[in-house]
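Note sheet for the following structure.
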Amino acid sequence: HYGGANTNVKLYSYQSKAVAIATTQPTLLAHEVGTGKTFTLISIAMEMRRLGTAKKPMVVVQNATVGQFAASAKYLYPNAKILTIEDRDKTKAGRRAFYSKIRYNDWDMVIIPQSVLERIPDSEERQARYIESKIEEKMAILEQMRESTDSSTSFIVRAAEKEIKELQTEQAELRAAGASKKAERDKKREAMAKENAGVKAREMLDRAVDDVENFDDMGIDALLVDEAHEYKHLGFATAMRGVKGIDPSYSKKSQGVYLKAQSVLEKNHGKNVVFATGTPISNTAAEIWTFMRYLMPAETMKEYGIYYF
């Protein structure tokens, strides 16, 4: 048994091994339904806290299972300080208060539904860096296309060139929007400070802005994602267009999870990100490669020549 855990619960050996691995490196738990992923994820988060490798782990679960997961966490660790979202927290004002609880309090574990994770913004700087990496990725693929192009693939090359131009435009707009947003926020802070005529009011305003500003500012230093197969559509550039079984499409929620995972990895020397799913591969090998992109440093994948698909 782990420290603080319910002595009436005994984990299976494969669960204990998963805990040992996941507390030392980014991990994909490909455990089938019914094998105890819930207790495994809870134990990983609590062991990160006990060992000091994480101060505020966040566990992301399906919307419909938040209550059940929280109940399991409280059963397995009766004395743990666990924060989970309530019905009253699902409004705009409620989410603001919930984000404040995350940032300004000490929790053994924060449990949130997927829908709330999607509402937590990412910093403009991180988004800009991501777009820059996507441009580099597409340019590398485009170069591969040009080297092997013929009359049958010239259309594909032109399409790739168009995608790069669109990304460059998006990157410029994002940087401009970030500067504009900062100026507007600073102006608002100044106006509110004058209106309230006090340092305390300004501090409260600063906190209110920070609470919903971006994921990096919330103090989350471990991210555990249940049912991670819902984030398979990370999107990627490839020279293999029109090949059956290869789906380079993306979803916005997957991009958000990727940025948050990168935030945690960067702050923790490439550790403290755990994905769990009973169906890691349902269609093609490209899906396991997508999970590798979530969990492995880009430089490592480039060294092995597997960063581009």
Side-chain angles (χ1 to χ4, degrees), residues 1-86 101-102 105-114 116-117 219-231 257 260-261 264-265 268-282 287-288 291-292 294-296:
H1 300 95
Y2 298 108
N6 188 335
T7 56
N8 294 320
V9 178
K10 184 178 180 180
L11 299 183
Y12 292 103
S13 60
Y14 64 84
Q15 291 176 297
S16 299
K17 290 177 182 177
V19 173
I21 293 171
T23 52
T24 58
Q25 64 187 47
T27 304
L28 172 63
L29 299 177
H31 292 183
E32 296 181 1
V33 176
T35 54
K37 287 199 310 298
T38 297
F39 276 3
T40 303
L41 286 172
I42 294 167
S43 298
I44 291 170
M46 293 301 294
E47 274 299 281
M48 287 179 173
R49 277 278 293 185
R50 189 182 69 84
L51 296 171
T53 57
K55 295 181 179 179
K56 194 177 294 180
M58 174 178 281
V59 184
V60 183
V61 301
Q62 287 184 317
N63 291 9
T65 62
V66 174
Q68 179 182 347
F69 195 99
S72 296
K74 292 173 182 176
Y75 175 73
L76 187 57
Y77 286 87
N79 298 318
K81 293 178 290 184
I82 299 171
L83 175 66
T84 187
I85 196 163
E86 306 289 344
K101 291 177 185 176
I102 293 176
N105 291 279
D106 182 38
W107 303 102
D108 291 318
M109 188 188 315
V110 177
I111 302 171
I112 66 169
Q114 295 170 344
V116 171
L117 182 73
I220 301 300
D221 54 3
L223 185 65
L224 297 87
V225 182
D226 195 15
E227 306 299 344
H229 54 270
E230 297 198 15
Y231 300 105
V257 171
K260 291 171 177 62
V264 171
L265 290 173
N268 296 279
H269 308 289
K271 299 187 299 182
N272 289 10
V273 176
V274 180
F275 279 22
T277 175
T279 54
I281 303 177
S282 57
E287 293 171 354
I288 199 67
F291 284 127
M292 291 170 67
Y294 276 114
L295 301 170
M296 290 180 64

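Keep in mind that the numbers below use all heavy atoms, side chains included, and drop hydrogens, waters and symmetry copies. Nothing fancy with the numbering, it's 1 onward along the sequence.
In this structure, I44 and A18 approach most closely via the heavy-atom pair CD1-O, 4.2 Å. When every heavy atom of E47 is checked against every heavy atom of G3, the shortest pair comes out as OE2-N, 4.4 Å. Scanning both residues, G270 and P26, for their nearest heavy atoms gives O-CD, 2.9 Å. The two residues V225 and A228 have their closest heavy-atom pair at O-CB, 3.9 Å. For the pair I111 and A70, the tightest heavy-atom approach, listed with the atom from each and the gap, is CD1-CA, 3.7 Å. V274 and M48 make their closest contact through CG2-CE, 4.2 Å (heavy atoms, listed as atom of the first residue, atom of the second, distance).
A distance-only check finds no donor-acceptor pair linking the side chain of T40 to the backbone of Q15 [under 3.5 Å]. One N or O on the side chain of T277 and one on the backbone of T279 form a donor-acceptor pair closer than 3.5 Å. Between the W107 side chain and the P57 main chain, no donor and acceptor come within less than 3.5 Å of each other. For N79 (side chain) and G4 (main-chain N/O), no donor-acceptor pair under 3.5 Å exists by modelled atom type. The main-chain N or O of A80 is never found under 3.5 Å from a side-chain atom of D108 such that the two would form a donor-acceptor pair.
Summarising the geometry, atom CD1 belonging to I112 is positioned 4.0 Å from atom CE belonging to M58; distances are rounded to the nearest 0.5 Å. Remark: R49 CZ to Y77 OH distance equals 12.5 Å, nearest 0.5 Å. Atoms NZ and CZ, on K74 and F69 in that order, are 12.5 Å from each other to the nearest 0.5 Å. Of the inter-residue distances, the one linking N272 atom CG with Q25 atom CD reads 11.5 Å to the nearest 0.5 angstrom. Between atom OG1 of residue T27 and atom CZ of residue F291 there is a gap of 13.5 Å, rounded to the nearest 0.5 Å. The distance from atom CG of N6 to atom CG of L76, rounded to the nearest 0.5 Å, is 6.5 Å.
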Run the side chain to side chain contact (heavy atoms under 4.5 Å, CB included) check on L265 and L295 step by step: do they pass?
CA-CA 8 Å; L265 290 173; L295 301 170; 5.9 Å; no

What's the verdict on side chain to side chain contact (heavy atoms under 4.5 Å, CB included) for T38 and T65, showing C-alpha distance, side-chain angles and the deciding distance?
CA-CA 10 Å; T38 297; T65 62; over 6 Å; no

Stepwise side chain to side chain contact (heavy atoms under 4.5 Å, CB included) test for V110 and V59
CA-CA 6 Å; V110 177; V59 184; over 6 Å; no

Please determine whether side chain to side chain contact (heavy atoms under 4.5 Å, CB included) holds for the pair T35 and Y14, giving the CA-CA distance in whole Å, both sets of side-chain angles, and the decisive distance to 0.1 Å.
CA-CA 9 Å; T35 54; Y14 64 84; 3.6 Å; yes

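Counting heavy atoms from C-beta outward, Y75 and V9 have side chains that approach closer than 4.5 Å. Inter-residue side-chain proximity for T84 and E86 is flagged as met; some heavy-atom pair is nearer than 4.5 Å. Within the 4.5 Å cutoff, the side chain of Y2 has heavy atoms near those of the S16 side chain. Side-chain contact check for I42 versus K37: every heavy-atom pair is 4.5 Å or farther apart. Taking 4.5 Å as the limit, some side-chain heavy atom of V257 sits within range of a side-chain heavy atom of L117. Residues I102 and I220 meet the side-chain proximity criterion, which asks for heavy atoms closer than 4.5 Å. Side-chain atoms of L223 and V60, non-hydrogen and from C-beta on, do get closer than 4.5 Å to each other.
A salt bridge does not link K56 with D221: every distance from a Lys NZ or Arg NE/NH1/NH2 to an Asp or Glu carboxylate oxygen is 4.0 Å or more.
Among the candidates N268, L224, V264, the single residue satisfying the side-chain contact (heavy atoms from CB on, under 4.5 Å) test with V273 is V264.
Other residues, nucleotides and ligands place no more than 12 heavy atoms under 6.0 Å from the NZ atom of K17.
In the model, Q62 has a side-chain atom that pairs as donor or acceptor with a side-chain atom of E230 under 3.5 Å.
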